[in-house]
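Below, chain A is the first sequence line, B the second, and so on; all start at residue 1.
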Amino acid sequence: MTNFPITTETKAATLGATNAVFIGRSLRHSLRNTEALVMAIALPIMLMLLFTYVFGGAIDPGGDYVTYVVPGIILLCAGYGSSITAVDVAADMTNGIIERFRTMPIKSIHVITGHVVASLARNLLATGVVIGVALLVGFRSNASFWEWLGAIGIIVLFILTFTWLYAAIGLVASSPAVASSYGFALLFVPYLSSAFVPTETMPNWIQGVAENQPITPVIEAIRGLLTGNLDNSNVWWALGWCLVILLGSYVWCTWTFLRKAGSR
Amino acid sequence: MATAFAIEVSGIRKSFGKQVVLKNINLNVPTGKVFALLGPNGAGKTTLINILSTLVIPDSGSVLVAGYDVVTNKERVKQSISLTGQSVAVDEMLTATENLQMMGRLSGLSASESRIRATELLKYFDLAEAAHKRMKTFSGGMRRRLDLAISLVVGRSILFLDEPTTGLDTRSRQALWNIVLKLAASGITIFLTTQYLEEADQLADEIAVIANGHIVAQGSAEELKSRIGGEVIELRNENDQIIREFPTDGSMEGLKRVLDQYNGSFSDDARVSIRRPTMDDVFLDLTTEKQEVSS
């Protein structure tokens, strides 16, 4: 064995370099976690086909259900895709690597930022798949370029909101398995909205919940933008809900990270 | 910064809730030496190493690492140290090279510097063949070597190793010891914790023994061995149950002292046997002594 190659001491990594490294790391994880990646792509396809060909005929015999359901499936898949973040974050917090990051002269909280960016990339891919399959099975939109852009903007905001929420859940969870089961529970929220059936068809007491929960205005805003009968108030409600939850989740995340991974 | 002591600990106390983990720890680690903190599970080794490496804030007392206070000047301390924790902290989804490059970038190296450094370290740690394999496929010994390599991506002057060989087989342990000795020869200050007397003996210039949150003994391996190196005399009753054990220093003089001391306390039927001391005896001996001194 040769003598140990000594290096001189260096200065700390810049914020930009730190973020770039953590984003690159999380993207690599996403690409290599084959099961999760396959699910992220297969789930939208399966749900799209299921809702169009199995449930669609019963819900809307006219065959237009596909146009109605696209925003719902986009959000359902985004919710599922974001929930992976909880597992990734919980794994980092429990397997010892966070201790190493914390003893390095960097802001270790950016490890979470890396997972959030990777989640956004994964979910935009899934959204692309949903829209692609939807077009193949008969979805048609008369939306302008700007309306598409608006819809995608709301989808991005929704993904970020859910991802930060799941990141906080991952931080709070005691293990990746626990994080995964918390995540599962949240995935039922879209069903209690106007995502798959109009809220008018629900019993009164559920209607009250469905119409006033955050997912409904998000769904209605995206649907309105894509199908051309937009009610502006839905957009404001969607933005408001997302920003409030996003901010709350971000604060929850930062606070939990500092409490758990800060000095004790 | 070239101070005489790389680490200066004075009056450290730490509790988690009602559990007191460290009770007034004082120690100095000379620059450029290997220092071993030897103790059983639950003695407070990891808590102390976590305090020294800025992960945990002590309740009271002060710690200077490389001349900087670990509480008020944490960022400067982090630039002087590197920690290899008890659980292997490598990224399972990445290859050995990617792990090293990632840590290089996070430590302020450029992309090309990280690449060069990764190649250098893989060669040095005998991991070149596994450079592009994912960590999942690595054996325990390889993981530990990579874990240590990651800690050395940039030249920190103080290296913390928390139980570096726990769970390794004899051959991997020997390989890791060789690396630590090489690192020590290159002038890095190494602070390691271990539960193995042999490991402290092989590697350390100076050893502190910790038990129940106290430093119960401190000195070179030779000094400690001469204190605890003698045989243990066991007294058993007629049912072959141990009545009493006491350590001796191995000399005739010591044996006489033991016999004088216990003369008449036990029945003449007691059976006597002699055995080599185990680590348990060492801790038992040192902790008992400590209580006697403090009472």
Any side-chain donor near an acceptor of the partner, [X] and [Y], under 3.5 Å:
| X | Y | answer |
| --- | --- | --- |
| A:H115 | A:T85 | no |
| A:S119 | A:N123 | yes |
| B:D147 | B:T84 | no |

Distance-minimising heavy-atom pair for A:K260 and A:V172 | NZ-O, 3.5 Å
Contact origin within A:D92 toward chain B - heavy atom pairs under 4.5 Å = neither
Residue A:R32 versus chain B: region with a heavy atom under 4.5 Å | both
Toward chain A, the part of [X] with a non-hydrogen atom under 4.5 Å:
| X | result |
| --- | --- |
| B:I51 | neither |
| B:E92 | neither |
| B:V71 | neither |
| B:R134 | side chain |
| B:S151 | both |

Take atom CZ in A:F196; do more than 12 heavy atoms of anything else shown fall under 6.0 Å from it?
-> yes
With chain A, which of B:Q101, B:Q86, B:K78 has the greatest number of heavy-atom pairs at distances under 4.5 Å?
-> B:K78
Winner by heavy-atom pair count (cut-off under 4.5 Å) against chain A, out of B:E98, B:M102, B:R105 = B:E98
A:I74 side chain near A:V70 side chain, heavy-atom distance below 4.5 Å = yes
Does any N or O in the side chain of B:K14 come within less than 3.5 Å of the main-chain N or O of B:G213, such that one atom is a donor and the other an acceptor?
-> no
